[in-house]
Amino acid sequence: MAIVVRENRFLLNTNNNSYAFCVDGAGYLRNLYWGKKINSIDEFEIDTINEVSTNDPVAEITNEEYPAHGSFRYKETCLKVQFGDGTREIRYQYVGHELKENHLKVNLKDENYGLEIELNYLVIEKLDLIERWTVVGNRGNQSIKIDSIYSAQVHIPENNLRFRNSFGHWGAEQQGFTQQVSHGKIYFENRRGVSTHNHNPYFILDKNADETNGEVYFGVLKQGGNFKGIIEQTQYGHTLVQMGLNDYDFQINLDSGEEFVTPKLVIGYSEKGLGNMSHRLHAYGNSIMRNPSTRKVLYNSWEATEFKVDANEQLKLAEKAAELGVELFVVDDGWFGRRDSINDGLGDWWVNKDKFPEGLKPLIDGVKKLGMDFGIWIEPEMVNPNADLYKNHPEWIYSSHVRTPEPSRGQLVLNLCKPEVTEFIYNMIDNLLGENDIDYIKWDVNRPISETGGDQSIWYTHIMKVYEIVDRIKAKHPKVLIEACASGGGRTDLQTLEYFDDFWTSDNTDALDRLTIQRTYSYVYPIKAMRAWVTDCPNFLSKRVIPLKFRYHSAMMGTLGIGCNILKFGETEKSLSKEMIAQYKEIREIVQNGEFHRLENRSTNTYEIFQYNHRDESLLYLFLPMTKIGHKGTNVKMRNLNPEKIYTYSLNGKEFKKSGNYLMNVGIEVKLEGDYSSTIIKFN
Ligand code: GLA
């Protein structure tokens, strides 16, 4: 049984983990346990907690499931509201629960006001994960203002943990970091509204875990836009984590009878290190993706042509792309309005007649005739001040409408809280898809929100409206895949993955930088959604020149795309590209659907080693960016193979047959030579 309830005790069991809490004698909803699977909820001694001293009151020292502002609570709380009469303290009681299969709802009610709180726990047994979220309802006569609301709090009975997340900025997303948790608090958040390159909405906490061993506590918030996470090591040697909506410039009004549902926090515990955590999160990510189809090899001309797109040139590129084996041809920015630079066009979604005199049809027909799917770029949440849309509807942007609005990248943000704006965006995309045979959309967003005026719910509402539009589009055009791009990888989160199909991981396409970005990405997000392109060298950002093969191998770690100016390819580049794309097609089931491992490098040379397992096949990717003095090979011990199976693989032109047992324990010696050396080895 996934959930056992006995006399106000609740035990939530996944295949390998348990989570337990109770309503204690004093009425507190008290966390009892989170970790390896236990058998019984009856064995817990639930003694009464007495205050240690007047300065250590019960509310402060109880491990509450969902502490709310008020009483003797000085630690962080999950919910803060204002009632109609100005009261800000919440005093709730447990009033009951509802259990339906693997979904538990715990009902709490304020003693004096019409505030009801429902804590939700959904147990996903086979993934060893629990979804947690909270619903707040106003059953009173007066409105309630929510000043701060988190999805859940988790309680970890450990101190001095190590926190892991990513930091970064444009062109440098997913830079992993670790930070020691100690006394005081760690906040990580996004305040930019639409997206963030800075931090990602998850926590990973461990003491000394590595890829295969050690305890890891983790949680991923299913929320794009503004979020906040707080890690607080208490004075009593425990660690609390809260995640939910960012309370920065935030307020939501709940009228009588209304409800507010928080985003979900997906939590898990691993006793087998970070690898096991990633496998479960990848499986979860894959399970929420609406379109599980194999991702096609894509061509996108952005880096090659920027805004200089036109029908003839694009068709020439399409012909070359098809020759190389590309399956999906995407026209990026510049095809619409008077879009020759960042300063015009956004909002004017008519086809630019100078660039496409007969509309998009000839190009789309040409692409289809070449046997490829067709995709197109849009940035629907934005408008340029020069665009006709802005001239016709200056009131459609976020602005005080008293001050001069402040553009960024030459553009302003459309106010998606206005129904006429969301209708406009929905209709624009619906028409674009209705009038043209389009299979793929790259949905971009290139600046943060600002100038939100008086309404503090905008940060939350904007992103929810984006999802609502995508949802409607998907309902009407279910076969169309939509890529989430936000100046690169700014919109990489689990809620986006529930609506969109691919992440554009970063505008940084340098194959070496990408190894870092992709490694950190892989902690939480599934490989199938990780778009990666091969682009020209010197790379526009790093100015680095990296051999084409290494660039391919790096991009083949995810869903392969090509962003080179392929019209300039010579014979060598052409034939290598054909070979690499063909190889990718052969192995992509393993890459896109496989179990991904970040392997240990045992050499003094800095090899980056990754493994994918799918069914009874396996892939090893090895990268050696720079050979150093004393160069020797590396011993690679593979993971989670079938010990009995005899695997066949080729290395340096020679074929080998070894058991899974041998490959995992003795391992194989691989020696790469030179700088930017790389290889992919297939085991079957
Ligand atoms: C953003 C995206 C790029 C490209 C440009 C177009 O920067 O991340 O991939 O689409 O916009 O303007």
Side-chain angles (χ1 to χ4, degrees), residues 168-174 192 194-198 224 298-310 313-314 317 328-349 352 355 374-384 386-387 407-414 429 432 438 440-448 466 481-493 496 500-511 513-514 517-518 521 529-536 539-542 555 558-565:
H169 50 83
W170 174 78
E173 302 85 339
Q174 303 282 357
R192 293 165 181 246
V194 293
S195 63
T196 178
H197 301 70
N198 306 147
L298 154 171
Y299 178 79
N300 179 305
S301 70
W302 171 247
E303 274 197 33
T305 63
E306 295 207 338
F307 297 101
K308 288 186 228 77
V309 290
D310 71 62
E313 182 87 352
Q314 290 290 311
L317 284 163
L328 162 64
F329 185 83
V330 183
V331 174
D332 210 278
D333 198 351
W335 60 270
F336 52 89
R338 294 175 296 270
R339 184 83 168 162
D340 290 319
S341 75
I342 54 173
N343 294 314
D344 202 353
L346 292 175
D348 295 344
W349 297 106
N352 183 305
K355 299 177 185 179
F374 181 79
I376 200 156
W377 180 97
I378 51 173
E379 192 177 356
E381 296 154 73
M382 300 287 161
V383 65
N384 287 114
N386 289 339
S408 165
R409 207 192 194 227
Q411 63 200 53
L412 302 165
V413 189
L414 288 173
I429 302 172
L432 187 66
I438 293 174
Y440 191 88
I441 282 184
K442 178 176 173 185
W443 177 312
D444 207 342
V445 60
N446 276 304
R447 60 154 285 183
V466 169
L481 293 187
I482 309 187
E483 175 179 320
C485 171
S487 297
R491 226 173 222 177
T492 303
D493 61 79
T496 296
F500 291 74
D501 302 285
D502 285 354
F503 294 127
W504 176 224
T505 321
S506 176
D507 277 351
N508 185 340
T509 52
D510 176 273
D513 285 352
R514 266 306 180 101
I517 292 170
Q518 293 171 182
Y521 168 100
M530 186 173 82
R531 275 278 167 205
W533 302 351
V534 175
T535 55
D536 288 328
N539 182 271
F540 84 102
L541 255 183
S542 65
T559 51
L560 178 63
I562 323 294
C564 300
N565 189 345

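Just follow the structure's listing: the first ligand is 1, and inside any ligand the first atom is 1.
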Inset, instruction - Check whether any N or O atom of Trp170, backbone or side chain, sits under 3.5 Å from an N or O atom of ligand 1, and answer yes or no. - result: no
Legend entry - Top protein contact for atom 3 (C) of ligand 1, by heavy-atom distance: Asp507 OD1, 3.4 Å
Inset, instruction - Indicate whether the side chain of Asn384 and that of Arg338 have a donor and an acceptor atom separated by less than 3.5 Å. - result: no
Legend entry - Per-atom contacts of ligand 1 with Lys442, taking only distances under 4.0 Å to non-hydrogen atoms: 3 (C), 4 (C), 9 (O), 10 (O)
Legend entry - ligand 1 contact on Asn300 by region, counting heavy-atom pairs under 4.0 Å: neither
Inset, instruction - For ligand 1, note which part of Arg409 has a heavy atom under 4.0 Å away: side chain, backbone, both or neither. - result: side chain
Inset, instruction - Give me the ring orientation class for Phe503 and Tyr521: parallel if the planes are under 30° apart, tilted from 30 to 60°, perpendicular past 60°. - result: perpendicular
Legend entry - side chain to side chain donor-acceptor pair (under 3.5 Å) between Gln518 and Thr505, intermediate numbers included: CA-CA 8 Å; Gln518 293 171 182; Thr505 321; 5.9 Å; no
Inset, instruction - Return yes or no for this condition: an N or O of Trp302 is under 3.5 Å from an N or O of ligand 1. - result: no
Inset, instruction - Report, in ascending order of atom number, the atoms of ligand 1 lying under 4.0 Å from any heavy atom of Trp504. - result: 8 (O), 9 (O)
Inset, instruction - Take Trp302 and Phe307 through the test ring pair (Phe, Tyr, Trp, His ring centres under 6.0 Å) and record every step on the way to the result. - result: CA-CA 8 Å; Trp302 171 247; Phe307 297 101; 5.1 Å; yes
Legend entry - Side chain, backbone, both or neither: the part of Glu379 lying under 4.0 Å from ligand 1 by heavy atom: neither
Inset, instruction - Could you list which atoms of ligand 1 come closer than 4.0 Å to a heavy atom of Asp333? - result: 6 (C), 12 (O)
Inset, instruction - May I ask you to check whether Trp443 and Glu381 show a side-chain donor-acceptor distance below 3.5 Å? - result: yes
Legend entry - Where ligand 1 meets Gly488 - atom numbers and elements under 4.0 angstrom, heavy-atom basis: 8 (O)
Inset, instruction - Evaluate the side-chain proximity of Glu313 to Lys308: yes if any heavy-atom separation is below 4.5 Å, no if none is. - result: no
Legend entry - Donor + acceptor pair across side chains of Thr509, Glu303 (<3.5 Å): yes
Legend entry - N/O donor-acceptor pair under 3.5 Å between Asn198 side chain and Gly168 backbone: yes
Inset, instruction - Mark up the atoms of ligand 1 that fall under 4.0 Å of a heavy atom belonging to Cys485, in ascending order. - result: 2 (C), 8 (O)
Inset, instruction - Show which atoms of ligand 1 fall inside a sub-4.0 Å distance from at least one heavy-atom site of Asp332. - result: 4 (C), 6 (C), 10 (O)
Legend entry - For atom 2 (C) of ligand 1, closest protein heavy-atom neighbour: Asp444 OD2, 3.1 Å
Legend entry - Polar contact flag for Trp377 and ligand 1 (N/O pairs, less than 3.5 Å): yes
Inset, instruction - Could you tell me whether Arg339 atom CZ has more than 12 heavy atoms of other residues or ligands within 6.0 Å of it? - result: yes
